[in-house]
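Structure, as structure tokens:
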Amino acid sequence: MGEQWIDLDTAVEVTRTGDVWIFRGRSAADRAIQTLTNSPVNHVGMSVVIDDLPPLMWHAELGRSLPDMWSGTYQRGAQLHDLRDAVLTWSRRYGQRAWLRQLDHELTREQENAVLRTVARLDGTPFPSTARLAGRWLRGRLPGRHRGGDLESAFCAEVVAITYEAMELLPGTRRPHWYDPGRFWSGDELELLGGAHLGPEIAVRVHQHA
């Protein structure tokens, strides 16, 4: 059976808050992240689709390619972007393949509010250097419980994991930097709370012309 896929316009139309977007690229930086985290993918973001807001992507990245929809500025680190523009940027500019994993769970208003509170707290948090990322990832696998508190820097998977914790979809018993993009790939079988689960990867086809 071939890979399941949909076009970008359809993906933007059907996505809901909590859906996960996963990306895989071939650049040296992409390969470094994949190698450091032992992951088949190098980037992960989360859909935010609330009320009459356009579909947005909540993630963290090094670039300042798009305006942050929360602050209205161009910044590095944790960012809230127009979802369609973000996928186009990661596909066309960064040369990444994209997949969508849909969250099979009916969110409450309180969970949606938890997403917005997390965005308000973390938006603009800087992205760590590759060296710091490696150290954080290794420390995240040492025994111990996550104590919470504001982060000095945020990696893309940490941003999604912290948001999922706030939504009570992940337990707060692991350090955020235990998570890497591969944790959100189906092969890792990430266990969510409350009967929620993520569906299989759906490849998102993006036309490479403007």
Side-chain angles (χ1 to χ4, degrees), residues 6-25 41-94 96-127 151 153-170 176 179 181 184 192 196 198-199 201-207:
I6 55 178
D7 62 53
L8 177 57
D9 289 339
T10 301
V12 171
E13 182 178 345
V14 303
T15 195
R16 296 293 179 266
T17 298
D19 290 354
V20 169
W21 291 78
I22 306 170
F23 298 86
R24 180 168 64 203
V41 292
N42 53 271
H43 187 71
V44 62
M46 190 190 97
S47 294
V48 178
V49 187
I50 296 177
D51 296 334
D52 58 349
L53 294 174
L56 303 169
M57 181 181 291
W58 173 230
H59 61 155
E61 66 160 294
L62 285 166
R64 291 184 288 197
S65 301
L66 297 170
D68 176 61
M69 304 300 285
W70 190 265
S71 67
T73 62
Y74 289 84
Q75 62 190 33
R76 301 181 190 275
Q79 305 182 47
L80 190 66
H81 289 154
D82 178 272
L83 191 148
R84 189 175 190 278
D85 289 345
V87 177
L88 286 174
T89 296
W90 278 82
S91 176
R92 293 176 178 172
R93 181 167 182 173
Y94 302 154
Q96 308 263 333
R97 290 192 64 194
W99 289 268
L100 172 65
R101 296 191 70 192
Q102 294 183 285
L103 177 67
D104 185 6
H105 187 70
E106 191 70 29
L107 296 183
T108 65
R109 173 61 70 174
E110 176 54 34
Q111 286 174 307
E112 292 181 337
N113 290 339
V115 172
L116 296 178
R117 286 195 297 269
T118 305
V119 172
R121 181 167 68 93
L122 294 183
D123 188 79
T125 304
F127 200 103
L151 298 175
S153 56
F155 179 45
C156 59
E158 294 179 35
V159 168
V160 176
I162 291 169
T163 308
Y164 261 45
E165 286 182 8
M167 298 163 69
E168 298 185 344
L169 295 176
L170 281 176
Y179 295 94
F184 295 92
L192 303 182
L198 288 165
E201 286 85 7
I202 303 171
V204 178
R205 186 168 294 179
V206 178
H207 295 297

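Residue numbers count from 1 along this sequence. The shown structure was predicted, so the numbers you read here are calculated from the model rather than taken from an experiment. All heavy atoms count here, side chains included; hydrogens, waters and symmetry mates do not.
- Judged as a salt bridge (Lys or Arg N to Asp or Glu O under 4.0 Å), and not counting sequence neighbours, the contacts of E110 are R117.
- For S47, the side-chain hydrogen bond (donor to acceptor under 3.5 Å, both in side chains) partners are T15, W21, not counting sequence neighbours.
- P67 is linked by a side-chain contact (heavy atoms from CB on, under 4.5 Å) to Y74, counting only residues two or more places apart in sequence or in another chain.
- Side-chain atoms of D19 come within 3.5 Å of backbone atoms of R16 as a donor-acceptor pair (strictly under, hydrogens ignored).
- Applying the salt bridge (Lys or Arg N to Asp or Glu O under 4.0 Å) rule to R97 yields the partners E3; only residues at least two apart in sequence or on another chain are considered.
- Listed by chain and residue number, D51, E112 satisfy the salt bridge (Lys or Arg N to Asp or Glu O under 4.0 Å) test with R109 (two or more places apart in sequence, or in another chain).
- Of the possible donor and acceptor atoms, one in the side chain of Q79 sits under 3.5 Å from a partner among the backbone N and O of G63.
- By the ring pair (Phe, Tyr, Trp, His ring centres under 6.0 Å) test, W99 is found to be paired with W185, residues two or more places apart in sequence or in another chain being considered.
- Applying the side-chain contact (heavy atoms from CB on, under 4.5 Å) test to A161 and every residue at least two apart in sequence or in another chain returns L170, Y179, F184.
- A salt bridge (charged side-chain N to carboxylate O under 4.0 Å, His left out) check over residues 54-75, counting only residues at least two apart or in different chains, returns nothing.
- When the side-chain hydrogen bond (donor to acceptor under 3.5 Å, both in side chains) test is applied to D104, the partners found at least two apart in sequence or on another chain are H197.
- Between W90 and F23, the angle of the ring planes lies from 30° to 60°, which puts this pair in the tilted group.
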Please walk me through it: do T118 and M167 pass side-chain contact (heavy atoms from CB on, under 4.5 Å)?
-> CA-CA 9 Å; T118 305; M167 298 163 69; over 6 Å; no
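- The side-chain hydrogen bond (donor to acceptor under 3.5 Å, both in side chains) test applied to D9 returns R84, not counting sequence neighbours.
- In this structure, the side-chain hydrogen bond (donor to acceptor under 3.5 Å, both in side chains) partners of S65, at least two apart in sequence or on a different chain, are R93, Y94.
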